[in-house]
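What follows is one structure encoded as structure tokens, with my remarks underneath.
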Amino acid sequence: MVQDVFLTLFNKIHTFEERAALGSRLYRVATNAALVKRRGRRADREVPLDSLLPTFLPDGHRAGERTFVLCDWSRTPETALLSQETREIVQRAIGLLPEQYRAVLILRDIEGLGNEEVAEIVGDSVAAVKSRLHRARMVLREALTISFGPAHEGRKETECRKGRTEAIHAPHS
């Protein structure tokens, strides 16, 4: 795949217009190559995130167990963040995101690209990138709260949350 990306970039370098950075062009070519490969395996479809997002009451407050709402993220020690188990849980949680959301999250939060660059790479508007990034962060935070929050400390989880936690904690096959 990497060879295909660089070969495509080399063969089409004459079409490169210098209004964007070469790095953005490289990301776009790599994204297109990955999408072409993925299309060969399955149909591209939008995946709803509603079942993974937190729920809210009519007054705007977050629904659910109060300890979930008050979950203190600042108490996570740096050593736990650096542990192999924690990294694997975070990677699996990111892996559960649908492709469109995962790509935006990785390009923006991990690669550190700007919204405009991410929009160009994924072929969407800046508004769509901002929306997907926000929703991806919400889903990721929800998944990590389930993994590291009160339920992780031994409290009984609801069946819905339990299924999602098992998906995050299950090793990749």
Side-chain angles (χ1 to χ4, degrees), residues 1-2 5 23-24 26-27 30-31 33-35 37-38 41-42 44-57 60-119 121-122 124 126 128-173:
M1 176 104 108
V2 174
V5 169
S24 295
L26 177 62
Y27 273 118
T31 301
L35 290 173
K37 186 173 182 172
R38 186 181 69 152
R41 284 188 254 155
R42 64 177 188 186
D44 191 25
R45 63 181 197 272
E46 190 72 23
V47 179
L49 290 177
D50 296 336
S51 65
L52 299 173
L53 292 170
T55 56
F56 295 90
L57 300 172
H61 290 89
R62 188 166 186 262
E65 192 178 326
R66 182 148 173 80
T67 54
F68 244 63
V69 176
L70 300 176
C71 188
D72 183 8
W73 283 68
S74 65
R75 291 187 302 185
T76 305
E78 186 176 347
T79 54
L81 181 63
L82 297 176
S83 75
Q84 181 65 27
E85 181 183 5
T86 301
R87 276 195 306 274
E88 289 173 0
I89 290 170
V90 171
Q91 288 172 347
R92 279 193 291 272
I94 291 172
L96 289 175
L97 290 170
E99 177 63 33
Q100 304 92 320
Y101 296 89
R102 184 173 52 243
V104 169
L105 181 82
I106 290 172
L107 290 172
R108 184 74 173 84
D109 288 348
I110 296 174
E111 296 294 328
L113 300 178
N115 289 329
E116 293 80 14
E117 280 184 294
V118 174
I121 290 166
V122 299
D124 276 329
V126 172
V129 165
K130 288 180 178 181
S131 175
R132 285 188 176 161
L133 179 62
H134 176 70
R135 291 175 63 85
R137 285 174 177 165
M138 285 177 59
V139 169
L140 185 60
R141 182 178 178 108
E142 184 79 358
L144 295 177
T145 299
I146 291 167
S147 292
F148 299 119
H152 185 68
E153 297 167 1
R155 292 198 173 113
K156 185 170 172 57
E157 306 166 58
T158 64
E159 288 305 309
C160 176
R161 294 197 186 285
K162 186 175 182 188
R164 286 191 276 171
T165 301
E166 288 168 357
I168 294 167
H169 286 283
H172 284 304
S173 46

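- The distance from the CD atom of Glu99 to the OG1 atom of Thr31 is 8.5 Å, given to the nearest 0.5 Å.
- Leu52 contributes atom CG, which lies 9.5 Å from atom CZ of Arg135 (distance to the nearest 0.5 angstrom).
- Residues Leu53 and Arg141 are not in side-chain contact: their nearest non-hydrogen atoms beyond the backbone lie 4.5 Å or more apart.
- Between Ile94 and Ile110 the shortest side-chain heavy-atom distance falls below 4.5 Å.
- Here OG1 of Thr55 is found 7.0 Å from CZ of Arg62. Values are rounded to the nearest 0.5 Å.
- Nearest heavy atom pair, residue Ala119 against residue Val129, reads CA-CG2, 3.5 Å.
- The distance from the CG atom of Leu140 to the OG1 atom of Thr145 is 9.0 Å, given to the nearest 0.5 Å.
- Side-chain contact between Arg137 and Asp109 is present, with heavy atoms from C-beta onward closer than 4.5 Å.
- Under the 4.5 Å side-chain criterion, counting only non-hydrogen atoms from C-beta, Val122 is not in contact with Arg132.
- For the atom pair Ile146 CD1 and Ile89 CD1, the distance stands at 12.0 Å (nearest 0.5 Å).
- Between the CZ atom in Arg108 and the NE2 atom in His134 there is a gap of 14.0 Å [rounded to 0.5 Å].
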Checking side chain to side chain contact (heavy atoms under 4.5 Å, CB included) for the pair Met138/Glu142: CA distance, chi angles, key distance, verdict? CA-CA 6 Å; Met138 285 177 59; Glu142 184 79 358; over 6 Å; no
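- Two residues are said to be in side-chain contact when any heavy atoms from C-beta on lie closer than 4.5 Å; Leu49 and Tyr101 meet this criterion.
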